[in-house]
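Comments concern the structure below.
We use all heavy atoms of the structure for the numbers below, so side chains are in, but hydrogens, waters and symmetry mates are not. Here is the naming used below: chain letters follow the sequence lines, and residue numbers restart at 1 for every chain.
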Number of protein chains: 2
Amino acid sequence: MDQPAPYHQGNLREALILAGMDLLTEGGVAGLTLRRAAARAGVSHAAPAHHFNGLPGLLTAIASRAFQHFSAAMDAARDAAGPDPFARLNGICSGYLNFAQDHAGFFHLMFVSAEVDRADPDLRQASSTAYLILRGACLPFAARGATEDEPLEVGVWSLVHGYALLGFNLPNGQNRRFNTLPAFTDLLARLIADGPKP
Amino acid sequence: MDQPAPYHQGNLREALILAGMDLLTEGGVAGLTLRRAAARAGVSHAAPAHHFNGLPGLLTAIASRAFQHFSAAMDAARDAAGPDPFARLNGICSGYLNFAQDHAGFFHLMFVSAEVDRADPDLRQASSTAYLILRGACLPFAARGATEDEPLEVGVWSLVHGYALLGFNLPNGQNRRFNTLPAFTDLLARLIADGPKP
DNA sequence: GAATAATGTTGACAGTGTCAAGATAACGGG
DNA sequence: CCCGTTATCTTGACACTGTCAACATTATTC
């Protein structure tokens, strides 16, 4: 006979995270709700409180997961770009921009939402990993670009981050398409300017 | 005798916008609520519906107002920077960064919030004005920086926008202070690279 | 001055996050 | 094996939100 289906979830925390990610993908940030995630996981509305510190806790957990996907996307784009240092950095940026475009909900949680706990250790670990990927690709150019207190990677990060966000809410109201990756590459080349250090 | 105090507000729409801006400044985006703005304007909770298209309408109106302040701040910073084209562009960027730091709530409404109606004519007018200010300061450098389909101003805008946002939510979790304006200037100089066209 | 429009109020509704109290399941020590 | 303890989940409530409909009041216009 079947074992009686367990009254409790096997791993409700995980189920809630996955349900929340689905909701986020389907309905954007507004579509992700503690009660809806609970319902989708087949559980009552107050169950999540035992696994997360309220809504911010769930959002933070999802943001950590999103950062892991983000890192994986940048890694893959870099590795597909071949050996040239600039091509690798540009590949990472294209992974960045594509992720921002294709997973706007995740991106919002990762970088924008004020409801995620930026001090959470898991989140810091995940975001730090992503940061190091970009930093690593900047290293070949660091000698020429570094200021005393503001390394080049901050400039690259700012450029790609701003470019991604303005893609969503362009101040003149016309969201542009992201067929402009070559154009971004030009901007990146201007910022890097001097090429890899000899 | 006094005229009897009007039962209706003299200009409730304006009063609601000002109350909303106060709430936004005091309590951030989470502190701004239709009902609270109505209460602060001394009016019942459903009154705003006659002046705005719901909460998005109020947020959109506030975003327009915020863009006007934003433009004024950039104008002032540019005019205080003297005649040199790079100094003027850099002044605008410093106005941009200072505004983002000092008015995070406005900035969020202007560029981030999904509840703002980006198609609103007033908002488009106000944001377009701001855009033209930055564009104008980029013009002296445009000949060298322009790509066919991606003008230099988009690069400058991306850089300063990303730099501003990463100042709030740095991916490694440590929000840096904005005493780094000189460092940003270095980045901007790298992007401009060739100097004003001869 | 009376009809009409603009402006506000009241009350209700569904939805949200959160909390307290109790029910149920799993686990561990005797 | 059984009982107490703990973790997990449910139920019910609360305050708060945006929005709507019905009604009251004021201003405007003919």
Side-chain angles (χ1 to χ4, degrees), chain A residues 1-20 22-24 26-63 105 108-109 113-117 120, chain B residues 1-20 22-24 26-63 105 108-109 113-117 120:
Chain A
M1 310 289 276
D2 292 345
Q3 289 198 3
Y7 175 68
H8 300 284
Q9 280 287 121
N11 190 349
L12 182 54
R13 182 185 163 93
E14 185 68 16
L16 287 169
I17 291 176
L18 295 179
D22 284 352
L23 287 170
L24 193 57
E26 294 169 14
V29 185
L32 172 50
T33 270
L34 209 47
R35 289 171 108 107
R36 277 217 269 257
R40 183 161 297 206
V43 103
S44 83
H45 66 263
H50 297 270
H51 299 275
F52 300 101
N53 208 4
L55 178 63
L58 175 59
L59 298 181
T60 302
I62 293 178
H108 184 274
L109 243 48
S113 171
E115 304 191 80
V116 307
D117 175 17
D120 177 79
Chain B
M1 312 282 277
D2 291 345
Q3 290 199 3
Y7 173 69
H8 302 285
Q9 282 286 117
N11 189 348
L12 182 54
R13 182 185 163 93
E14 184 69 16
L16 287 169
I17 290 176
L18 295 179
D22 284 353
L23 287 170
L24 193 57
E26 294 169 15
V29 185
L32 172 51
T33 269
L34 252 190
R35 290 171 106 108
R36 277 217 270 257
R40 183 161 297 208
V43 102
S44 83
H45 67 263
H50 296 272
H51 299 274
F52 299 101
N53 208 5
L55 177 63
L58 176 59
L59 297 182
T60 302
I62 293 179
H108 184 274
L109 242 48
S113 171
E115 305 190 79
V116 171
D117 175 16
D120 177 79

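- Atom C1' of nucleotide C/dT18 and atom CG of A/L59 are separated by 15 Å, given to the nearest angstrom.
- With hydrogens and angles left out, the side chain of A/H45 and the base of D/dG12 share a donor-acceptor pair within 3.5 Å.
- Closest approach to the B/A47 side chain among C/dG8, D/dT11, D/dC20 is made by C/dG8 (side chain taken as heavy atoms from C-beta onward).
- Atom NE2 in B/H51 sits about 4 Å away from atom P in C/dG8, given to the nearest Å.
- The CG-P distance, from A/L55 to C/dC19, rounds to 12 Å in whole Å.
- Rounding to whole angstrom units, CG of residue A/N53 and C1' of C/dG17 are separated by 12 Å.
- The CZ atom of A/R36 sits 9 Å away from the P atom of C/dG17 (whole-angstrom rounding).
- Within the 4.5 Å cutoff, the side chain of A/T33 has no heavy atoms near those of the A/L23 side chain.
- If you measure from atom CG of A/L34 to atom P of D/dT17, you get 19 Å, rounded to the nearest angstrom.
- Shown here for B/G31 and B/R36, the closest heavy-atom pair between the two residues is O-NE, 3.2 Å.
- Backbone-only engagement by B/T33 is indicated by non-hydrogen atom pairs under 4.0 Å involving sugar-phosphate atoms exclusively.
- Remark: C1' of D/dT25 and NE2 of B/H50 are 12 Å apart, rounded to the nearest angstrom.
- Per the geometry, CG belonging to B/L12 stands 19 Å off P belonging to D/dT25, to the nearest Å.
- Below the 3.5 angstrom threshold, one finds no donor paired with an acceptor across the side chain of A/R35 and the base of C/dG15.
- For A/S44, taking side-chain heavy atoms from C-beta onward, the closest of the listed nucleotides D/dT19, D/dT11, C/dT9 is D/dT11.
- Side-chain contact between A/I62 and A/L32 is present, with at least one heavy-atom pair separated by less than 4.5 Å.
- The structure places CD1 of A/I17 at 11.0 Å from CG of A/L59, a figure rounded to the nearest 0.5 Å.
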